[in-house]
Protein chains: 2
Amino acid sequence: MVQSDLRDVKAVLFDVFGTVVDFRSTIKKEGAVWNSEKELDIDWGAFADAWRAQYHPNMQRVMSGELEWNNLDSLHKMALSSLLERWGVKKHFSEKEIEVLNQVWHRLDPWSDSVHGLEQIKEHFTISPLSNGNMSLLTNMAKQSGLPWDVILSPELIKSYKPDPKVYYMAADYLGLNPHQIMMTACHQYDLQAAQKLGFRTGYVMRPFEFGYEHIPDLTPLQEYDITAYDLVDLSEQLRRRSL
Amino acid sequence: MVQSDLRDVKAVLFDVFGTVVDFRSTIKKEGAVWNSEKELDIDWGAFADAWRAQYHPNMQRVMSGELEWNNLDSLHKMALSSLLERWGVKKHFSEKEIEVLNQVWHRLDPWSDSVHGLEQIKEHFTISPLSNGNMSLLTNMAKQSGLPWDVILSPELIKSYKPDPKVYYMAADYLGLNPHQIMMTACHQYDLQAAQKLGFRTGYVMRPFEFGYEHIPDLTPLQEYDITAYDLVDLSEQLRRRSL
C-alpha cells in the first residue's frame with residue numbers, strides 16, 4: 001500500500017526532460033532564430049518530435065550492446081546529423097553550427113512552476129536530477145536556468161541509462177540513503193514503475209504539454225504512486241504535508 | 001609560464017577540507033558538547049589533529065591495494081574507532097554515538113570568507129568541489145553550510161583518491177571541458193602540483209590556521225601558480241580581473 005506517510009523521505013530525485021524542462025518549446029524557439037537567420041522554413045516543432053523519437057531506440061542500442069557506450073550528447077548528435085540529412089537541410093549548417101544546435105539540450109527552459117517548486121522542495125529535502133542527460137548537460141542546464149540542485153546524479157556515472165535498476169541504486173548509494181528514503185519524480189510512468197519496484201517512493205507529475213498543445217498523451221496513472229501532482233509546486237505542498 | 005591570462009577558464013574546482021571548511025574548529029566545537037554532556041576532558045583540538053593525521057596513511061593503504069576500496073566516511077570511521085580506543089575513551093560512546101561523531105565531517109563549518117567567495121566565483125564560472133570526501137559527505141556539508149556548488153564531483157565516483165591523475169581527468173570529462181579551461185584551487189600544494197602537471201590551471205589559497213592558531217605551517221609557494229590568494233574572496237577578485 002503506497003499511501004503511507006512519507007516521514008522518512010530525505011531526498012527527491014527528478015527526471016528532467018519533460019518533467020522539469022520543456023524541450024519542445026525551447027527547440028522551437030531556437031529553431032525560429034535559425035529559420036530567420038538562414039531563410040529556412042523548417043517546422044521545428046515536428047523536428048523536435050522526430051529528434052526526441054530517436055531517444056529510446058538509440059539508448060536501447062547502447063543498452064543491448066549493439067552500440068558502444070555513448071553519452072546523451074553523443075546520441076543526440078547522431079540523431080541530429082541523420083535527421084538534418086533526411087530532411088534535406090544539412091547543407092545549410094556548418095559542423096560548428098550543428099554542434100551549437102546539438103547543445104540546445106543544455107539550454108532547455110524549465111516549465112513555469114519548476115524553479116519555484118524545486119526551491120520549495122529544497123528547503124526540506126536534498127534534491128537531485130536523475131536524468132539520462134550526461135553530467136555536463138545537466139550542469140550547464142542548471143546554471144543556465146537556475147535549477148537549484150543540491151547535487152547532480154546521472155547514469156553517465158556508471159555508463160548506463162534508466163530504467164536500468166543499477167542507476168537508481170547508484171543514486172541511493174551516493175546519497176548515503178536507502179531506497180525508501182528517496183522519492184523518484186517523473187512525468188514518465190516507466191521511470192516510476194522501475195523505481196517503485198526497487199523500493200523507492202514515487203511522485204508522478206503530469207505534463208500534458210510535453211509533446212505540444214496538439215498532442216496530449218494519456219495521463220492516466222497506470223498504478224498507484226505515493227504522490228500524484230499537477231506540477232512541482234503542487235508536489236512540494238503535498239510532500240510537505242505528508243512528511244510532517 | 002603560468003602568468004598568462006585566464007580568459008579560457010570556465011570552471012573552478014575546490015579542495016574542501018582545509019581550503020573551504022575549517023575541520024579543526026568544528027570538531028573542537030562539537031567535542032566541547034560531548035565533554036560537557038559526558039563529563040569528559042578530551043582535548044578535541046589534539047583529537048582532531050590525530051584523526052586528520054590518519055587521513056593520508058589510510059588513503060595510501062587503499063591506493064596501494066593493501067586495503068580494499070573504502071570511501072572517506074569509512075576511512076574516518078576506522079581511524080575514529082582506533083583513536084577512541086587508544087585514548088581510552090571508547091567506553092563512553094555507544095555505537096550510535098560513534099556514528100554521529102563520525103558524521104561531524106558532514107557538518108564542517110566554512111571559513112568566514114568561503115560562502116561569499118564561492119557565490120562571487122559562481123557568477124562567472126561553474127564551481128564544484130573536487131575533494132576526497134565521498135558524495136554524500138560533500139552533499140550534506142553543502143546543504144548544511146550553504147556551499148553553493150553547481151555540481152559535486154568526488155573521486156568516489158571512480159573509487160580513487162587525489163592526487164591520482166585519473167581523478168582530475170574524471171572531473172574534466174564530466175564537466176565537458178579541457179584541463180586548461182579548469183582551475184584547481186587548494187591550500188595543499190601536492191594537490192595543485194598534481195593538477196598543474198596535467199595542464200590544469202591552479203589557484204593557491206593560503207589557510208594559515210588549518211591546524212589551529214598555534215601550528216602555522218610553512219605557506220611558501222613551492223612553485224608558480226596561476227593565482228595565489230589569501231582567501232576565496234581575494235581569489236574571486238583576482239580571477240575576475242584576469243579572465244575579463
Side-chain angles (χ1 to χ4, degrees), chain A residues 10-13 69-74 76-77 99 102-103 105-107 119 121-131 133-160 169-178 181-182, chain B residues 10-13 69-74 76-77 99 102-103 105-107 119 121-131 133-160 169-178 181-182:
Chain A
K10 303 283 182 237
V12 187
L13 299 171
W69 167 253
N70 274 270
N71 72 13
L72 196 63
D73 272 346
S74 169
H76 279 151
K77 182 78 175 284
E99 194 46 56
N102 196 54
Q103 295 265 325
W105 298 90
H106 293 222
R107 294 184 295 266
E119 280 169 353
I121 297 166
K122 184 177 179 166
E123 285 176 27
H124 304 280
F125 305 92
T126 295
I127 61 170
S128 172
L130 188 65
S131 155
N134 42 287
M135 291 294 288
S136 66
L137 181 158
L138 295 170
T139 303
N140 292 339
M141 180 199 285
K143 198 137 180 95
Q144 162 99 10
S145 299
L147 305 176
W149 307 123
D150 287 306
V151 58
I152 291 180
L153 296 171
S154 160
E156 184 187 31
L157 296 172
I158 55 165
K159 291 190 166 41
S160 188
Y169 285 136
M170 173 271 297
D173 186 29
Y174 288 142
L175 291 170
L177 297 171
N178 293 313
Q181 298 175 295
I182 303 173
Chain B
K10 303 282 182 238
V12 187
L13 298 172
W69 167 253
N70 275 271
N71 72 13
L72 196 63
D73 272 345
S74 169
H76 279 151
K77 181 79 174 285
E99 194 48 57
N102 196 54
Q103 296 264 325
W105 298 90
H106 293 224
R107 295 184 294 267
E119 279 169 353
I121 297 166
K122 184 177 179 166
E123 285 176 27
H124 304 280
F125 304 91
T126 295
I127 61 170
S128 172
L130 188 64
S131 155
N134 41 288
M135 291 294 287
S136 66
L137 181 159
L138 295 170
T139 303
N140 291 341
M141 180 199 286
K143 197 139 180 93
Q144 162 100 9
S145 299
L147 305 176
W149 307 122
D150 287 306
V151 58
I152 290 180
L153 297 171
S154 160
E156 184 188 30
L157 296 171
I158 56 166
K159 291 190 167 40
S160 187
Y169 286 136
M170 173 273 294
D173 186 28
Y174 288 142
L175 291 170
L177 297 171
N178 293 314
Q181 297 175 295
I182 302 172

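Chain A is the first sequence line, chain B the second, and so forth, proteins listed ahead of strands; every chain is numbered from 1. Quick caveat: nothing in here was measured; it's all calculated off a predicted structure.
- Contacts between residues 121-130 of chain B and chain A, defined by a heavy-atom separation under 4.5 Å, are made by K122(B), F125(B), T126(B).
- Heavy-atom proximity under 4.5 angstrom to chain B picks out W149(A), D150(A), V151(A), I152(A), L153(A), E156(A), L157(A) from residues 149-159 of chain A.
- Between the NZ atom in K143(A) and the NZ atom in K10(B) there is a gap of 12.0 Å [rounded to 0.5 Å].
- Remark: S136(A) pairs with N134(A) by the side-chain hydrogen bond (donor to acceptor under 3.5 Å, both in side chains) rule, at least two apart or across chains.
- Residues forming a salt bridge (Lys or Arg N to Asp or Glu O under 4.0 Å) with E99(B) (at least two apart in sequence, or on another chain): K77(B).
- For the atom pair OH (Y174(A)) and CG (L138(B)), the distance works out to 12.5 Å, reported to the nearest 0.5 Å.
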